[in-house]
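Here the structure is laid out as structure tokens; the discussion comes afterwards.
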Number of protein chains: 2
Amino acid sequence: MNITKALADENRVRALLALRQGELCVCQITELFGLAPSTMSKHLSVLYQAGLLESRKNGRWVYYKLPGSEAPLAVREATRWVQRSLADDPKVTEDAERLKKVLKMDPAELCKKQCGA
Amino acid sequence: MNITKALADENRVRALLALRQGELCVCQITELFGLAPSTMSKHLSVLYQAGLLESRKNGRWVYYKLPGSEAPLAVREATRWVQRSLADDPKVTEDAERLKKVLKMDPAELCKKQCGA
DNA sequence: ACTATGTTTCGCCACAAGTCGAAGTATAAT
DNA sequence: ATTATACTTCGACTTGTGGCGAAACATAGT
């Protein structure tokens, strides 16, 4: 049942939907939602432990993405349901817009969180 | 998103699955889970407000049941997902067993909750 | 009208969950 | 080795949620 608990938080569902466009690293998702890195990391961890995300480490960066077709049926159907039923939420469409801007700035936005910004 | 929040609680999911067998009145579901009537009523209310249950009042009794095919797509698919993915949970199968016993005692079990039991 | 019964609402408490900042870990760069 | 960076874990705080009992509400029976 940890799938349903993982989907109970709005920020987690929005993060899941943001990953429709492909894999993202933690700092990009953090920038997208404006939460503290530690908070976003926790959310992604919850989704990962529920099986709803896959992760990949490349150097210092950790990338998360939606699971592929090898995932359990419960996971695939839950993901599909979220995408079909919640993708029209205004917050989600706004996220998609903001994500475009985040994807344009690559190395600069990384220090923003650590430095004064 | 209140569908995902409604499904986040284990007792609510189990109640939803218990209703596969047909409509039940509040006192039957309360008896099935051994929770306080007020608690169970709240849970059913959450499910109802998420659109995951329909309710019918007959005299003093309130019956809840799963929604029919006229329900929104998001609701139907969520219900289908819960049934496909979580029906094998041991707690759910135990609930089904206990429900059989609850369905046999009709008027007697009603006073149990009010009286000393 | 009064009582009994099934359900809901309200107040309250205990515990879980979300959030942040600080400290810790891992990897890369100099 | 030291420093910097991307992320995670930890500790503390605040908010949210599930639980109960008491009271309120609705309906039926007498």
Side-chain angles (χ1 to χ4, degrees), chain A residues 1-15 23-50 53-65 102 105-117, chain B residues 1-2 4-16 23-50 53-65 102 105-117:
Chain A
M1 307 236 200
N2 45 1
I3 291 181
T4 58
K5 287 206 177 80
L7 295 176
D9 182 76
E10 176 183 311
N11 288 326
R12 284 198 290 266
V13 172
R14 286 166 67 186
E23 74 175 4
L24 296 170
C25 82
V26 177
C27 63
Q28 290 173 312
I29 306 174
T30 302
E31 174 72 19
L32 177 61
F33 290 103
L35 293 172
S38 58
T39 302
M40 205 65 240
S41 176
K42 182 80 184 309
H43 280 314
L44 293 169
S45 167
V46 171
L47 290 168
Y48 177 79
Q49 288 182 345
L53 288 183
E54 293 176 359
S55 80
R56 175 175 75 87
K57 191 167 187 177
N58 186 14
R60 284 172 281 194
W61 289 269
V62 175
Y63 294 89
Y64 284 94
K65 67 172 177 179
V102 172
M105 45 177 182
D106 266 79
E109 45 99 11
L110 302 178
C111 51
K112 270 191 212 140
K113 281 172 277 306
Q114 304 293 339
C115 306
Chain B
M1 306 238 201
N2 44 0
T4 58
K5 287 206 177 79
L7 294 177
D9 181 77
E10 176 183 311
N11 287 326
R12 285 197 290 267
V13 172
R14 286 165 67 185
L16 211 64
E23 75 176 3
L24 296 170
C25 81
V26 177
C27 62
Q28 290 173 312
I29 306 174
T30 302
E31 174 71 19
L32 177 60
F33 290 103
L35 293 172
S38 57
T39 302
M40 206 63 240
S41 175
K42 182 77 186 310
H43 280 316
L44 293 168
S45 167
V46 170
L47 290 168
Y48 176 80
Q49 288 182 344
L53 289 184
E54 293 175 359
S55 79
R56 175 175 75 87
K57 191 168 188 177
N58 186 13
R60 283 172 280 194
W61 289 267
V62 175
Y63 293 89
Y64 284 94
K65 66 171 178 180
V102 172
M105 46 178 181
D106 265 81
E109 46 99 11
L110 302 178
C111 50
K112 271 191 211 142
K113 280 170 279 306
Q114 305 294 338
C115 306

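To find a chain, count down the sequence lines: A is the first, B the second, and so on, and within it residues start at 1.
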Considering only [options], which nucleotide approaches the side chain of [X] most closely?
| X | options | answer |
| --- | --- | --- |
| B:Ser38 | D:dC7, D:dG21, D:dT9 | D:dG21 |
| B:His43 | C:dC20, D:dG19, D:dC20 | D:dG19 |
| A:Val62 | D:dA22, D:dC10, D:dC7 | D:dC7 |
| B:Asp9 | D:dG18, C:dG18, C:dT7 | D:dG18 |
| A:Asn11 | C:dT19, C:dC20, C:dT7 | C:dT19 |
| B:Pro37 | C:dT8, D:dT17, D:dC10 | C:dT8 |
| B:Ser41 | D:dG19, C:dT9, D:dT9 | C:dT9 |
| A:Arg60 | C:dT27, D:dT8, C:dT7 | C:dT27 |

- Under 4.0 angstrom between B:Thr39 side-chain N/O and D:dC20 OP1 or OP2: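 Result: yes.
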- Message: Below the 4.0 Å mark, does D:dC7 have OP1 or OP2 next to a side-chain nitrogen or oxygen of A:Tyr64?
- Response: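 For D:dC7, neither OP1 nor OP2 has a side-chain N or O of A:Tyr64 closer than 4.0 Å.
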Whole Å only: how far is the [atom1] atom of [X] from the [atom2] atom of [N]?
| X | N | atom1 | atom2 | value |
| --- | --- | --- | --- | --- |
| A:Leu7 | C:dA17 | CG | P | 15 Å |
| A:Asn2 | C:dA17 | CG | C1' | 15 Å |
| B:Glu31 | C:dT7 | CD | P | 12 Å |
| A:Leu35 | D:dT8 | CG | P | 14 Å |
| B:Glu10 | C:dC15 | CD | P | 18 Å |
| A:Glu23 | D:dA6 | CD | C1' | 15 Å |
| B:Lys57 | C:dT5 | NZ | P | 17 Å |
| B:Leu24 | C:dG6 | CG | P | 16 Å |

- Could you pick out which residue, A:Asn58 or B:Met40, lies toward the 5' side of DNA chain C when each is mapped onto its nearest nucleotide?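 Residue closer to the 5' terminus by nearest nucleotide: B:Met40.
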Drop me the distance from [X]'s [atom1] to [Y]'s [atom2], to the nearest 0.5 angstrom.
| X | Y | atom1 | atom2 | answer |
| --- | --- | --- | --- | --- |
| B:Asp9 | B:Leu16 | CG | CG | 11.5 Å |
| A:Ile29 | A:His43 | CD1 | NE2 | 11.5 Å |
| A:Leu44 | A:Asn11 | CG | CG | 10.5 Å |
| A:Arg14 | B:Met1 | CZ | CE | 6.5 Å |

- Message: Using modelled atom types and a 3.5 Å cut-off, is there a donor and acceptor pairing between side-chain atoms of A:Thr30 and backbone atoms of A:Pro37?
- Response: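 Looks like no, no N/O pair under 3.5 Å.
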- Message: Using a heavy-atom cut-off of 4.0 Å across all strands, would you classify A:Lys42 as base, sugar-phosphate, or nothing?
- Response: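 Result for A:Lys42 = nothing.
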